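All ligand and atom numbering here is 1-based and tracks the order in the structure. Index from 1, following the sequence. Small disclaimer: the values here were computed from a predicted structure and weren't measured.
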Amino acid sequence: MKVGILGGGQLARMIALAGYPLGLKFIVLDPDENAGAAGLSEHLQGAYDDPDLLAQLAEKADVVTYEFENVPAHVAEFLASHTSVYPPANALAVAQDRLLEKNFFNEIGIGTAPYAAIDNLRDLQHAMATIGYPAILKSRRMGYDGKGQVVLKSEAELESAWHSMQGAPSIVEGFVPFQREVSIIAARRPSGDIVFYPLSENQHSGGILRVARACTGDAEQAMAEDYARRLLEKLDYVGVIALELFDVNGRLLANEFAPRVHNSGHWSIEGSETSQFENHLRAILDLPLGSTQTRGHAAMVNFIGGLPDTRELLNLSHAHLHLYDKSPRKGRKVAHATVRSDDAGAFNNTLQTLSALARRVDNS
Ligand code: ATP
Ligand code: MG
Ligand code: MG
């Protein structure tokens with residue numbers, strides 16, 4: 001079987017690495033000749049909406065998936081008319097637009113921050129009368145790692161904040177006073193079977209994920225699973241999904257979902273019986289899903305903008321290094337390390353060391 005992947009970055013790379021033991025082959029479509037997964041896979045180089053390349057991809061791949069959610073909707077639809085495409089195009093369409101996404105959460109009974117659609121300065125001034133400060137203005141489309149977002153602290157900032165959006169359709173949302181951020185990763189196969197990973201507790205700074213940690217036996221697990229199940233079933237979803245949540249005094253509010261494997265689940269490579277990448281493949285190929293049981297304590301640290309001496313990282317017991325084959329650039333995720341151990345003390349020590357190393361090279 002050959003799996004096609006739109007996008008050839010680190011997520012595609014980790015999907016491919018999970019698929020080789022299952023005898024799978026891969027073909028990626030990516031505009032960058034140096035894409036990290038390209039060295040591991042057959043590579044079609046060019047734009048995501050190039051009709052010739054899409055026809056070749058559809059011809060060569062038994063099933064097509066993607067590693068990022070901003071594939072034009074017509075591309076997913078074109079591919080779906082020629083081969084199997086998972087997750088489904090409707091899930092992409094909702095996840096691509098923060099307004100549709102927030103509306104959808106509310107329709108299926110999942111709470112969010114208060115929000116309003118913003119198309120001009122008047123809309124923003126009007127909405128802020130009810131939403132209140134602080135708040136966040138976000139472009140509806142194309143944002144990631146906190147890009148295209150401005151925090152609003154007072155009325156005096158509205159005009160410049162709106163100008164910085166350069167006219168892009170946006171939403172404004174109330175700033176959630178959360179105690180912690182968590183995400184739940186789940187996988188669903190066409191038969192309807194679902195598996196859930198333990199919650200991941202996620203630390204962000206500057207809008208970018210820094211550290212993610214598996215929380216087995218968490219008090220909010222059941223609520224998060226209920227929300228993820230609603231999403232999966234309502235979207236008739238196939239593949240791995242990640243739902244980002246704010247925990248406010250034991251109540252979970254949805255932030256966004258990603259229709260793909262997710263950075264907050266990278267600890268599952270060494271930290272789970274079956275990684276999110278393998279379960280994504282199993283789901284889209286309609287194979288039995290694997291156990292999501294954790295293997296001891298597990299967490300992940302991102303390296304952003306720079307990388308410590310790899311020898312220093314490889315010297316750390318309980319740490320597992322994943323390089324993305326990307327040249328360091330400000331704010332760019334270039335690698336992560338998982339820490340996994342049965343021993344809580346050893347786990348915490350390595351996690352602290354890794355976090356300190358990541359902070360030292362951080363350039364974001
Ligand atoms: P990514 O897709 O990389 O997770 P993104 O650009 O889509 O990021 P969000 O997830 O919306 O951005 O926001 C990034 C981070 O900013 C959140 O994880 C959270 O830390 C903070 N944040 C976003 N919205 C809110 C909010 N309404 N209240 C409080 N904090 C928020
Ligand atoms: Mg996002
Ligand atoms: Mg997010």
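At the shortest separation from atom 11 (O) of ligand 1 among protein heavy atoms lies Lys138 NZ, 2.7 Å. Ranking the protein heavy atoms by distance from atom 15 (C) of ligand 1 puts Gly207 CA, 4.0 Å first. Nearest protein neighbour of atom 6 (O) of ligand 1, counting heavy atoms only, is Gly146 N, 2.7 Å. For atom 12 (O) of ligand 1, the closest non-hydrogen atom of the protein is Gln149 NE2, 2.8 Å. Counting protein heavy atoms only, atom 25 (C) of ligand 1 is closest to Ile136 CD1, 3.3 Å.
For residues 240-255, the pairs satisfying side-chain hydrogen bond (donor to acceptor under 3.5 Å, both in side chains) are Lys138-Asn255, Gln179-Asn249, Arg180-Asp247, Glu244-Asn255, Glu244-His262, with sequence neighbours left out.
Looking only at protein N/O/S atoms, the ones less than 2.8 Å from the Mg ion (ligand 2) make 2 in total.
When atom types are taken as modelled, the side chain of Arg189 and the backbone of Arg282 share no donor-acceptor pair closer than 3.5 angstrom.
Nearest residue to atom 19 (C) of ligand 1 from Glu181, Arg98, Glu173, His204 is Glu181 (criterion: closest heavy atom).
Some N or O of Val176 is nearer than 3.5 Å to an N or O of ligand 1, by distance alone. The N/O atoms of Glu256, backbone and side chain alike, include one that comes under 3.5 Å of an N/O atom in ligand 1. Looking at ligand 1, you'll find an N or O of Gly174 within less than 3.5 Å of one of its N or O atoms.
Counting heavy atoms under 4.0 Å from ligand 1, residue Asp145 touches it through both backbone and side chain. When heavy-atom distances to ligand 1 are checked against a 4.0 Å cut-off, Asn255 comes that close only through its side chain, counted from C-beta outward.
Side-chain atoms of Asp343 and Ser341 include no donor-acceptor pair closer than 3.5 Å.
Between His336 and His322, the two ring planes are parallel [angle under 30°; tilted spans 30° to 60°]. Aromatic ring orientation, Tyr48 versus Phe68: tilted (interplanar angle from 30° to 60°).
The pair Lys102-Glu173 meets the salt-bridge criterion, since a charged nitrogen lies less than 4.0 angstrom from a carboxylate oxygen.
If you look at Phe257 and Tyr237, their ring centroids are not closer than 6.0 Å.
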In sequence, state the C-alpha distance, the side-chain angles, and the governing distance for Phe26 and Ile15, and then conclude on side-chain contact (heavy atoms from CB on, under 4.5 Å). CA-CA 9 Å; Phe26 294 89; Ile15 291 172; 4.0 Å; yes
